Every structure is written in structure tokens, then in C-alpha cells.
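In what follows, a single structure is set out as C-alpha cells and then discussed.
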2 protein chains.
Amino acid sequence: MHNDYDHAIGPIGSECCDSRYDAQVSEVSSPQTAGAGAPRGRIDKRHAILGAAFTVFAREGYGQACVRVIAAEAGVAKPTVYNHLGDKENLFRHAMEAAGARALTASLAVVAELRAEGATADDAAALSATLEDVGYRLLLCSCDERSWALRRLLYAEVGKFPELLDSVWGHGTHRVQEALADRFARLTLAGRLHTADPAQAAEQFFALLTGPMEARSRLGTRPVSDAEAREVARAAVRTFLRAFGPGPDETA
Amino acid sequence: MHNDYDHAIGPIGSECCDSRYDAQVSEVSSPQTAGAGAPRGRIDKRHAILGAAFTVFAREGYGQACVRVIAAEAGVAKPTVYNHLGDKENLFRHAMEAAGARALTASLAVVAELRAEGATADDAAALSATLEDVGYRLLLCSCDERSWALRRLLYAEVGKFPELLDSVWGHGTHRVQEALADRFARLTLAGRLHTADPAQAAEQFFALLTGPMEARSRLGTRPVSDAEAREVARAAVRTFLRAFGPGPDETA
DNA sequence: CCAGAACTGAACCACCCGGTTCAATTCAGT
DNA sequence: ACTGAATTGAACCGGGTGGTTCAGTTCTGG
């Protein structure tokens, strides 16, 4: 009868669902009957479902994951899942988009820090330290378990869900690299960097960070130590600054 | 009754299967009844099955792919598939390993070219051109459709098949980067490069190549033009040489 | 306090998949 | 030409899946 779900039937107050469920989706409950028999509220079932869906999809893959398990993980009956999101495909899409948005905001926050810190220090050593710190925190974001799971699922199902490439991945990396390129451009104008093409520099900075990490963390299946992450960030920044740091202005 | 397949029952001459089926697995046939009614021979059914399995797995993912389709794609009856490889999991494993071996040999051949060409030219421009060419060809390998499919499947099923990480991916990238590091070490000894840590330099060289390509080719779903691949290789080599090329020997 | 919406649990359905069995057929080695 | 192995097609089985239905319960808004 009804074809378009997502907020067509309007099961709960789901139209205002722009509020990203921040950390864990299983404990925030409407401030009534708090701590009583019912462990969770009524209005955030949707968040619980999306979170559980991502967890299960990440653990078992889209094809192998079954909705019953997702419902169980969310502490919810199976019809409730279908009532909220109507379809396994839609469920997957929304779970991925939510996870992507969360990962994006984390990375953007790190790059935003570069704006703040980068303005304070002035000498070359300070710039190097700042870049290293930003790189390290960017690596922490990128090496988060949920982040790896997101990338794996994206890789896996890009054939069946091509639109997720844009809505989850493309926009994200583009915006992060754009913000990075903005900072590099300003640093170049200030004479502290020599990036003829800031966008390309940002692209390569990102590659120098995440590329080595992919191998070292075994595609995200092995937790990477803080020391190793810092070492990768240090190496990346060293190479980056040798190539783009202050020096001969041979802007090709 | 029987638990260990693969060459336990010995259906055909499969023990000698170390010969990698080179290009396409669907046309080589024993030199008899060539071109007649039966389109393929009898002895290379296994290759056909493995090739078809990889094709179907790449197209639909491990979970969604069903053996019937694989058998159809291979032009073979379903029991034949089970007779040869016994299990969907084993089928997947072997298809992945075969594809991984093929991709590895291609990349290794490219790096081997660096050994030959790198010895001839002497000036800096020639080194740059050689590195660009090697990078470009490495990118071509890495951007091959089957290569992307292999990486996607690896990413996707690394949770269910952790051993594939080593047998398909780890060994491959390690060997390529090792070969690259060897070349860099020799070039450093010859005074034409300054790589304090050749392994790390190779790691970053690889990252500068493949990282930007990941975004530009949309995770391998969009064919990348030769011009763009060449541009990425050029940019990577330029950055790499600025960082590690002849200049101040500030080996940290 | 009550009407109505959301939620639950369980059963149910049709479908498809992995894997097996089997008789009939085709091929390879000699 | 003949024997035995490989292959085929088709049917079959058990089980799990996506998705629905429904009666009954729990909560929410007013």
C-alpha cells in the first residue's frame, strides 16, 4: 500500500530526526520513568534501531545480517523495525548515513582545531608540531572501529548501493579535504607553506596519513597503538613539510 | 564423509594447479574438438569455476552470491562446483587467492621494470620520468577492475575470512613495497635519493599513488582516464622527490 | 482518565539458498 | 570398442530469511 517510508507514515516524532544521536543510543530516555522497569524511552527507538543495525551490519555484513538479530540487538520487536524503516535496504541506507554523519563531524572538528592552533604559533617547529597533532587526531578518527566498519561496508556494498558513495563517503572526505585545503591555502599566503595547489596538497596529506595506516592496522582488524599512530603522523608530516614546507618557491 | 576437499578426492588433475590460469579462463581448451560442439575442454573446468566464482562474488558480494549463478557463469552444473571445491567458503577462498596471485604478479612485474630502467638513465630528470612511469603502471595495476573487486571483497569479508588478509593482501603489498624499498635503498646508496628509511619511503610512495586514486575512481566504480592516472602519478612523484630527492641530506 | 497510537510476541508465508542424491550421459585412456 | 571416471540435470531437503498479520498490551497526549 505505502511505498515511501522513512517519514511518510509518521510513526513517532521522526521528522525532527536531524539530531544526531551522539554517543550511545541505548541509555538516553525521556525524563520520565527513569530507572524504572522500562529500561529505555519510547521516542528514541529509532536511534536504537539505527545504532543496532549499524553494529550488526558491521559485524556480519549486509548480506549475512538478518533483521531479527538487528531487532534483538536494539531490544525491539521485529515489526517495530519494519514499522520505522520499512525495508532492509532502507534500514541499511539510514544506518550508513547516520554513521557517516557522525564520523564526518568528528573529522571536521579536528580540522577546525587546526584553524585555532595554527594561528597561535609562529615558528617552523610549532607548525610541524601542530600539523603532527592534527594528523594524529585525524588518524584517531579514521582508525576508530566504527569508522573502519563504515569503510568496509561501503567498500563491500558499493555495487548494490552506489548512492551511498556520495551521501556517506564522497561528501565526507571532500569536505574534510576542502577544509584542510583552506587551511593550507592560508598558510601558503602567510608564507609558511608552499602549496601551489592546496587541494592536491590536502589530498596527499590525507593519503600520507591514511595510506600507511591501512596496512598497519590490517584493514582495521587489529587495534593500532597510539605510539604507532603518532609515528605514522610524524612521518607523514615530515614528508609533507619536506615537500611543501618553507624553502625554494619552485611553484610548478 | 570427506572433510578436506581441494585436492583430497582428486577429481581431475588438480594437484598440479600451481599454474596460474593467465588471462581468461574460458577459452583455453585441450587441443581436441577445438571449435566443435563442446566449447570448452574437460580439464580446465576448475579454472572456469574459479574465474566465474570471482566474477560473481565481485558483482554480488559473498553473501548475496549463490552457487547456482556461479555454476551457470562457469557453464557447469552445480554438483560439479561442489565436487571440485566442496564448499562455498572454500570456493571463495580459492577464488580470492587465485585473483590475488594474479594481481601480485602484475604489480611485481612493474616494480621489476624499475630495476631495469633505473639503471640506464643518470640525470635527475630521467629518474623523475622513470619513477613517474613506474608509478603510472602501478596505478594501472591497482585500478584494474578485478583489482578493485579483489580489494572490495577483501574489505568486505575480512571479518569472516581473516586468513585472507595474509594470503591475499598482506603478502602481496608487502612484497611489492619490499621490492620498491630495495630499489630506493640502492638509489640512496648511489646518491640519487635520500631515503633514511627506504621501507617507509616505499610505504609513502605507495600511499601517494593509491590514496588519491581511491577518491578519484570512486572506490573503483568509475573508470579512471589514463590522463588522470598520469596526473596522479606525476603529482605523487613530484611530492616524493621534493621530500626524498637529491638535496639537503638532513637524515633524521 | 481515556482514546488512540505505538509496541510486542508469536505465528505465519513464500521464497531461496547451500548442499546432497541419483540415474543417465559423456568423455578419456587404452 | 570398452571400462571407469567425470559430468549433467533435475529433483529433493532442511533451514533460514525478508516481510506480514494480528490480537493483546503498554504507553502518551490531552
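Below, chain A is the first sequence line, B the second, and so on; all start at residue 1. Computed from a predicted model, the values in this text were never measured in an experiment.
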*Less than 4.0 Å between a side-chain N and a carboxylate O, is that true for B:Arg216 and B:Glu231?*
yes
*Do B:Lys88's NZ or CZ and the ring of B:Phe57 fall within the cation-pi criteria of under 6.0 Å and 45°?*
no
*Considering just the side-chain nitrogens and oxygens of B:Asn83, establish if one lies under 4.0 Å of OP1 or OP2 belonging to D:dA6.*
no
*Does some side-chain heavy atom of B:Glu89 sit less than 4.5 Å from a side-chain heavy atom of B:Glu157?*
no
*Atom-to-atom span, CG of A:Asp44 to P of D:dT28 - whole angstrom*: 11 Å
Every protein N/O lying under 3.5 Å from an N/O of nucleotides 12-18 of chain D:
{"unit_1": "D:dG18", "atom_1": "OP1", "unit_2": "A:Ala65", "atom_2": "O", "d": "3.1"}
{"unit_1": "D:dG18", "atom_1": "OP1", "unit_2": "A:Lys88", "atom_2": "NZ", "d": "2.9"}
{"unit_1": "D:dG18", "atom_1": "OP2", "unit_2": "A:Val67", "atom_2": "N", "d": "3.0"}

*Can you figure out which of C:dC7, D:dT8, C:dG9 approaches the side chain of B:Thr80 most closely?*
D:dT8
*Any B:Val168 side-chain heavy atom under 4.5 Å of B:Glu163 side chain*: no
*Decide, yes or no, whether a salt bridge links A:Arg222 with A:Glu228 under the criterion of side-chain N to carboxylate O below 4.0 Å.*
no
_Strictly below 4.0 Å: does A:Lys45 bring a side-chain N or O up to OP1 or OP2 of C:dA5?_
no
_Going by salt bridge (Lys or Arg N to Asp or Glu O under 4.0 Å), name the residues that satisfy it together with B:Glu60, two or more places apart in sequence or in a different chain._
none
*Return no unless some side-chain N or O of A:His84 is found under 4.0 Å from OP1 or OP2 of C:dC7.*
yes
